[in-house]
Amino acid sequence: MATSSASTGSGRRPRIILPGTRYHRVRKTVQSICFVIFVFLPLFDVMRVDLPHQRFYFFGAELWISEFSIIFLTMMFLWILVAAMAMIYGRFYCGYLCPQMIFSETANALEQRIVRFVNRKIPDAGAGLRRFVALALFSAILLPASIFLTFVFVSYFVPPLDLYHRLVHLDVHTAGGIVGASVTLVTFLDFVVLRQRFCSAICPYGYLQNMLADQRTLVVHFHDPKEECIGCEKCVRACPMGIDIRRSSHQLECTHCAECIDACSGILGKLGTKSLIQYAWGDAGASTAQRQSWFSKIGFRDGKRVAVLLLLVIYACGLSIAISMRKPVLVRIMPNRISLYTVGSDGMIHNRFRLLASNRGHTDATISLKTADLPAVAIQGLDGPILLKPGDTVQQEFDVIAPVSALQPGINRLRILADVMPAQKQQAFPETFFAPFDSSAPAEGKKQRMQSK
Ligand code: SF4
Ligand code: SF4
């Protein structure tokens with residue numbers, strides 16, 4: 001379905017920019033908000049992966065890599081969201097939300113301003129010198145900008161504080177420092193050399209979008225049934241990707257930025273005609289400006305789209321439930337069955353257990369254990385509550401002990417209760433306590449061991 005246009009090149013008329021026009025204004029507002037979100041997400045732990053510590057931060061929750069179910073639900077939710085966006089809204093993400101596009105367009109605007117500034121300041125210098133000065137100025141601004149953008153980008157994977165220390169110490173010796181320096185260089189070259197070429201030549205989302213689009217996907221569409229096009233080519237010169245939308249709505253380079261819509265409105269508006277280029281739901285679909293039901297208007301135009309929306313809602317609900325049920329302090333208790341029981345020198349029966357606890361929260365926590373359902377039973381081997389600092393994991397063995405007189409021969413049932421402070425709902429672990437099958441067997445003071453088979 002996708003076709004590639006080759007309209008870029010030296011033969012093209014100079015590009016124009018249309019600040020202040022309808023879609024341009026909307027897009028710049030949305031892009032500014034997206035830029036703030038892009039910076040905000042990792043720096044405030046709203047969404048980032050901490051590779052060194054194997055954590056995943058998602059809207060305030062610190063998820064450990066071991067929390068597979070939540071991470072799986074999160075990934076599935078994000079993946080379906082991306083696929084749904086591509087299927088319903090085409091490349092809306094590229095034109096309005098993508099950081100690469102935002103920075104490419106900013107670099108374009110900056111470059112044009114600098115060229116105008118240099119031409120004004122040194123009008124008598126040769127063209128080569130003016131180009132060189134403009135490039136030097138452009139690079140001098142882009143270098144710190146690239147360092148900042150790299151800092152934000154790498155913060156999605158490395159704690160920002162750690163990154164900050166590496167940056168102020170100009171760390172280019174460790175693996176982390178080398179990665180940071182390399183990403184900065186790639187970012188710098190991207191905005192000096194590649195910019196929107198990245199979108200059409202490298203970015204996988206453009207290819208993915210073309211695979212997911214169908215006949216009802218939002219496109220930018222040229223429609224001229226009355227042959228009103230005056231051939232001014234303002235739409236072509238306004239296009240940041242350098243393509244001619246009149247050839248096809250499905251060109252791989254088209255990012256649905258709508259600059260061509262503004263351009264055509266501007267020129268034909270003066271002649272009392274509407275733009276021949278519009279957002280439309282597919283080539284044969286209705287223009288978004290036509291009267292239609294609200295759900296059609298927002299893109300839910302067939303059962304497939306409603307099914308995708310339902311799937312998204314299901315995953316979002318599953319994810320919310322999983323996160324709300326999540327406990328910041330994880331406690332596990334399991335029996336150590338190397339021996340079923342041992343008999344102490346005082347005749348008490350011992351069963352050995354293992355406590356495994358992790359503090360996934362942000363504050364200190366303590367864990368206290370006690371038993372229930374079996375009288376005269378005590379815990380031995382834990383000296384009071386166990387303190388866990390944020391991020392700590394402990395593994396500790398302890399004994400549950402009971403006098404043989406309080407036990408049934410063989411299998412006894414009890415619960416081990418874990419109280420976690422700050423307040424977390426008490427957790428109960430149903431366990432089995434083994435006693436000698438013949439209650440007269442353990443003579444007082446004689447140690448006996450029954451091996452587990
Ligand atoms: S053809 Fe129009 S919508 Fe597509 S990239 Fe060019 S200006 Fe943007
Ligand atoms: S701006 Fe409109 S009128 Fe001019 S060439 Fe493009 S589609 Fe035709």
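One-based numbering, in listed order, for ligands and for the atoms of each. Because the structure is a prediction, the values reported are computed rather than measured. Throughout, residue positions are numbered sequentially from 1 according to the sequence presented.
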### Task
With heavy atoms of Cys260 as the reference, note each atom of ligand 1 found under 4.0 Å away.
1 (S), 2 (Fe), 3 (S), 7 (S)
### Task
Verify the distance criterion only: is there a donor paired with an acceptor across the side chains of Arg413 and Thr432 at less than 3.5 Å?
yes
### Query
Do any N/O/S atoms of His256 come under 2.8 Å of atom 8 (Fe) of ligand 1?
no
### Query
Does a donor on one side chain sit under 3.5 Å from an acceptor on the other, for Thr217 and Asp214?
yes
### Query
So, Cys229 and atom 8 (Fe) of ligand 2: N/O/S under 2.8 Å, yes or no?
yes
### Message
Need the ligand 2 atom indices (1-based, order shown) with element for anything under 4.0 Å from a heavy-atom of Phe222.
### Response
7 (S)
### Atoms in ligand 2 flagged as close to Cys235, the criterion being non-hydrogen separation under 4.0 Å
1 (S), 5 (S), 6 (Fe), 7 (S)
### Task
Check each atom of ligand 1 against the heavy atoms of Met241 and keep those under 4.0 Å away; list them by number with element.
5 (S)
### Query
For ligand 2, which part of Glu228 has a heavy atom less than 4.0 Å away: the side chain, the backbone, both, or neither?
neither
### Task
For Ile245, counting its heavy atoms only, list the atoms of ligand 1 lying under 4.0 Å from any of them.
1 (S)
### Task
Please check if the distance between the ring centroids of Phe44 and Tyr57 is under 6.0 Å.
no
### Query
Which of the numbered atoms in ligand 1 are below 4.0 angstrom from a heavy atom of Cys239?
1 (S), 5 (S), 6 (Fe), 7 (S)
